[in-house]
Each structure stands twice: as C-alpha cells, then as structure tokens.
Amino acid sequence: MSTIVDAETQPSLKGGLGQVILATLASTVGFWAWMAISPLQGVYADEMSLDQGQISVMLAMPVLVGALGRVPVGAFTDRFGGRRVFTLVLLAGVPAVLLVALAGSIASFPLLLFAGFLLGIPGTIFAAGIPFSSAWYAPARRGFATGVFGMGMIGTAVSAFFTPRLALSIGYLPTHFLIAGIMVAMAALVWFVMRDSPAWTASRQPLIPKVVGALKLPITWEMSFLYAIVFGGFVAFSTFLPKYLTTIYPDDVDAVGAGTRTAMFAAAAVIARPIGGVLADKFGPKVISLISLAGIVAAAYVVGQQPPEGVLTGTVFLLMAAAMGLGMGAVFAWVGPSTPPDKAGAVTGVVAAAGGLGGYFPPLVMGATYNAETNSYALGLWLLILVAAGALVVAGMLRDARPVKA
C-alpha cells in the first residue's frame, strides 16, 4: 500500500525542493503543449471559416481530455511513481502536438479536433505532480510544496506569449516542431534526473477500486467542487481570453496583444498559487478559499459590465487571476492533510479532473450565450458569478483541514 512517511523523520528527504522544481519545469512544458491551440485560435478561425460554436468546441477539446485523464494518471502515480508517469505523459503528448501542426497546415477542422482531443494528454501532468511533490514534504509544509509545483501552470502563459510570436517569426510548422522537441528533451531530463521520494512506496491496489475508494471520501467531493471553480475558471479564461478580448475590444486588442494579456493573466495566477498554499499552511485553507471565491465573484461582476479597454479592464483580470491562484493553492493545502496517504494520488486525480472539467464547460457556455447584437458575453459571466457565489457558501459550511491517518 502506498504510504507517505512523515518527512520530518526522514533526513534522506534532503533535496526535495530541487525535485519539486524539476517537476514544476516538466509541468510547465506539459501545460505549454496542452494550450498550444488557444493562442492561434484566430488563425484557425480565419483559415477554416469557423463560427462561434466551432471555435468554442475547438478550444474546449484539449481541456476535456486533460481533465478526465487526470483520474487514471493520479492513480498510476500512486503505483508507478512520478518519474515514470511524468516521462510517459510528456512523450505521449508529442504526437498530439505534431498532429496539431499537420491539421493547421492542411486546414482540416476534423483533424484539428482529433489532435486537440489527444492534446489533452500533456494536460494530465498536473495529477502526477501533486502526490509526487507532497511526498517530499511533511504534512505541515505540503501547501508550500504543492503551491510551488502548481507554478508549472505558467506553461499557459508561456504558450500564450511565445506561441503566436514564434509562429510569426519562425513559422507555424517550426513552432510546433520546437514544442515537440522541448517535450522530448524534458522527458529525457525527467527520466535521468528525477527521483521519487524515499517516503513513497508503490501502491498495488487496482485502479478502479482505488478510484472508487477516493470517491467514497467526502473530502474528494468537497474539494472537487471548489477546485472546479478556482482552477476551472483559470483554465477557461486562459483558453478563452484571447477570443474574448479580440471579440469585445476588436479595435484595441489584436492577436499578439491578446496573447500578452493572457500571459499576464496566467502569470498572476501562478504567482498567487504558492502564496495561497503558504497562507493556507499558516491560517488554514478555509479562510484563504473564502477570500479567493469572494475575489472571483467581485472581479467577474466588474468584467461583466464590459468597461472600456484600458487600465481598469487589465487590472480586474489580473485581480481575478490572483484570486483564482490563491484558491488553487488553498484547495490542495486542504486536500493534503485531509486525505489518507494511500489514496493521495487517486484523490488528487479526481480533484484535478474536476478542476479541468470546470474549465471545459465555460468556453462552450460563453460561445452559446454570446449576444452578437450587443457584442456581449454578459450572460456567461453572470453564470460564473452565480456558481462562484454558490461555492463561497459551500466553503463557508465546511470544516477546515483535518489530518487523517493512513
């Protein structure tokens, strides 16, 4: 049975920070690949004559697979360890990136959807990193460990900032070849340098019973709901923000500018995530989660008013991202001490999947509720406000983190 021993009694755990940083870098590459379609959505829309619904499906496809795949990836990490799973996920994502390159080159929307489906594979990398990072630290510091690892989602900012610029400077195909090459190089680095924590031992429990056991825990469902809001909101805006900005502010924001703004949005969430984990370790994850959700509600309300493009709009999006980042750090600081060690990977996978699914539906909803006459996404944003407000109420009713024994 997989067991994480108290790291305070394990002097051999020295070097854990370096391992967590390596996992963070691997996650960054995985997230870059996962979000490879979004920064170039304008190019695909023009070349393939896509409507709002088709664009929304295209953007949502990698998110769906990246979400659902996190359940088995988390469980596999319990059994095979982070080193093997990280390597496999990175290598398995390479063909998806190359298929995206082919689909774009021949302007095939069906092939792009299939490639986007496979592109969800590198998006599952998050579910491997949380149990891997947690095993390197004592329970009291796992908010810090998972917060640092969570900074790997900066890959969404890397994708938003660099992908359109690389496509302009070196070309569409070379850009995707470069991403694929970086994935292979990172997989090699992980295989030869990464090592699993001495406090971790492999679980031999079959996948389905392990996942069923995780689903029987109340903490799994509670944190899944909260994470679907904070991480799901982050994924949704990281995916849809370029489309949103170029649609609502077509005279003020071009594709490259939208990518820059999306990168800033992602960076704000990334910076806030470890802060949320550290604050949760100190003050308790419940209060940080409440602050996060309240911030999301307030920011979404302002965005829904569609203020003129400028400092106010940019600031509000950054504040929304920071609120989401705080919540992400707090939720996994809540999961760690409240989950039996032998189920850490399975619970992490389910919660991470819920977060991914939380990012799958909003782009579809935004596309479906878009009002062309008023050029407004207001209805979709109001739905976000209502759901986040509901999560705020639920979080207020839950008990704070409660340590459990194996």
Kindly give the heavy-atom pair with the smallest separation between [X] and [Y], and that separation in Å.
X	Y	value
V351	T220	CG2-O, 3.9 Å
A395	L290	CB-CD2, 3.7 Å
P242	A258	CA-CB, 3.8 Å
V350	V71	CA-CG2, 4.1 Å
A45	I55	CB-CD1, 3.7 Å
G304	L381	CA-CD1, 3.5 Å

What's the separation between atom [atom1] in [X] and atom [atom2] in [Y], rounded to the nearest 0.5 Å?
X	Y	atom1	atom2	value
I275	M328	CD1	CE	12.0 Å
L68	L357	CG	CG	5.0 Å
M48	Q54	CE	CD	10.0 Å
I291	I296	CD1	CD1	12.0 Å
S105	E47	OG	CD	9.0 Å
D196	T77	CG	OG1	9.0 Å

Start with the C-alpha distance between R399 and E222, add both sets of side-chain angles, then the distance that settles salt bridge (Lys or Arg N to Asp or Glu O under 4.0 Å), and finish with yes or no.
-> CA-CA 10 Å; R399 292 183 294 168; E222 294 163 356; over 6 Å; no
Any side-chain heavy-atom pair of [X] and [Y] under 4.5 Å:
X	Y	value
W334	I288	no
F332	R273	yes
T313	P308	no
F162	S169	no

Criterion side chain to side chain contact (heavy atoms under 4.5 Å, CB included) on S133 and V148, from CA distance to verdict = CA-CA 9 Å; S133 301; V148 170; over 6 Å; no
For [Y], does its backbone N or O pair with a side-chain atom of [X] as donor and acceptor, under 3.5 Å?
X	Y	result
R165	F161	yes
S159	M35	yes
T247	K243	yes

Qualifying side-chain hydrogen bond (donor to acceptor under 3.5 Å, both in side chains) pairs, either residue in residues 24-34, two or more places apart |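 Sorted pair list: W32-T163.
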Enumerate the residue pairs fulfilling side-chain hydrogen bond (donor to acceptor under 3.5 Å, both in side chains) with a member in residues 58-71, sequence neighbours excluded, ordered by first and then second residue.
-> none
Only pairs at least two apart or in different chains count here, so list each ring pair (Phe, Tyr, Trp, His ring centres under 6.0 Å) that has a residue in residues 202-225.
->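 Of all non-adjacent pairs touching residues 202-225, none passes ring pair (Phe, Tyr, Trp, His ring centres under 6.0 Å).
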When you look at [atom1] of [X], are more than 12 heavy atoms from neighbouring residues, nucleotides or ligands closer to it than 6.0 Å?
X	atom1	value
Y301	OH	no
M264	CE	no
F109	CZ	yes

Run the numbers on M223 and L398 for side chain to side chain contact (heavy atoms under 4.5 Å, CB included), then give the verdict.
-> CA-CA 10 Å; M223 295 303 105; L398 299 179; 4.0 Å; yes
Side-chain donor-acceptor contacts of residues 82-103 below 3.5 Å, not counting sequence neighbours, with atom names and distances?
unit_1, atom_1, unit_2, atom_2, d
R83, NE, W191, O, 2.8
R83, NH2, W191, O, 3.1
T87, OG1, R83, O, 2.8

Begin with the C-alpha distance, continue with both residues' side-chain angles, and end with the deciding distance and a verdict on side chain to side chain contact (heavy atoms under 4.5 Å, CB included) for N371 and N375.
-> CA-CA 5 Å; N371 189 324; N375 189 33; over 6 Å; no
Could you list the donor-acceptor pairs under 3.5 angstrom formed by side chains in residues 113-130, with sequence neighbours left out?
unit_1, atom_1, unit_2, atom_2, d
T124, OG1, I121, O, 2.6

Yes or no on ring-ring contact (aromatic ring centres under 6.0 Å, His included) for Y377 and F240, after CA distance, side-chain angles and deciding distance?
-> CA-CA 11 Å; Y377 289 105; F240 202 79; 5.5 Å; yes
Just jot down the side chain to side chain donor-acceptor pair (under 3.5 Å) partners of Q41, sequence neighbours excluded, or say none.
-> none
Between Y227 and F231, ring centroids under 6.0 Å |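 Ring centres of F231 and Y227 closer than 6.0 Å.
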With a 3.5 Å cut-off and no angle check, do the side chains of S376 and Q306 form a donor-acceptor pair?
-> yes
Evaluation steps, side chain to side chain contact (heavy atoms under 4.5 Å, CB included), between F234 and T156 = CA-CA 10 Å; F234 166 77; T156 60; 3.3 Å; yes
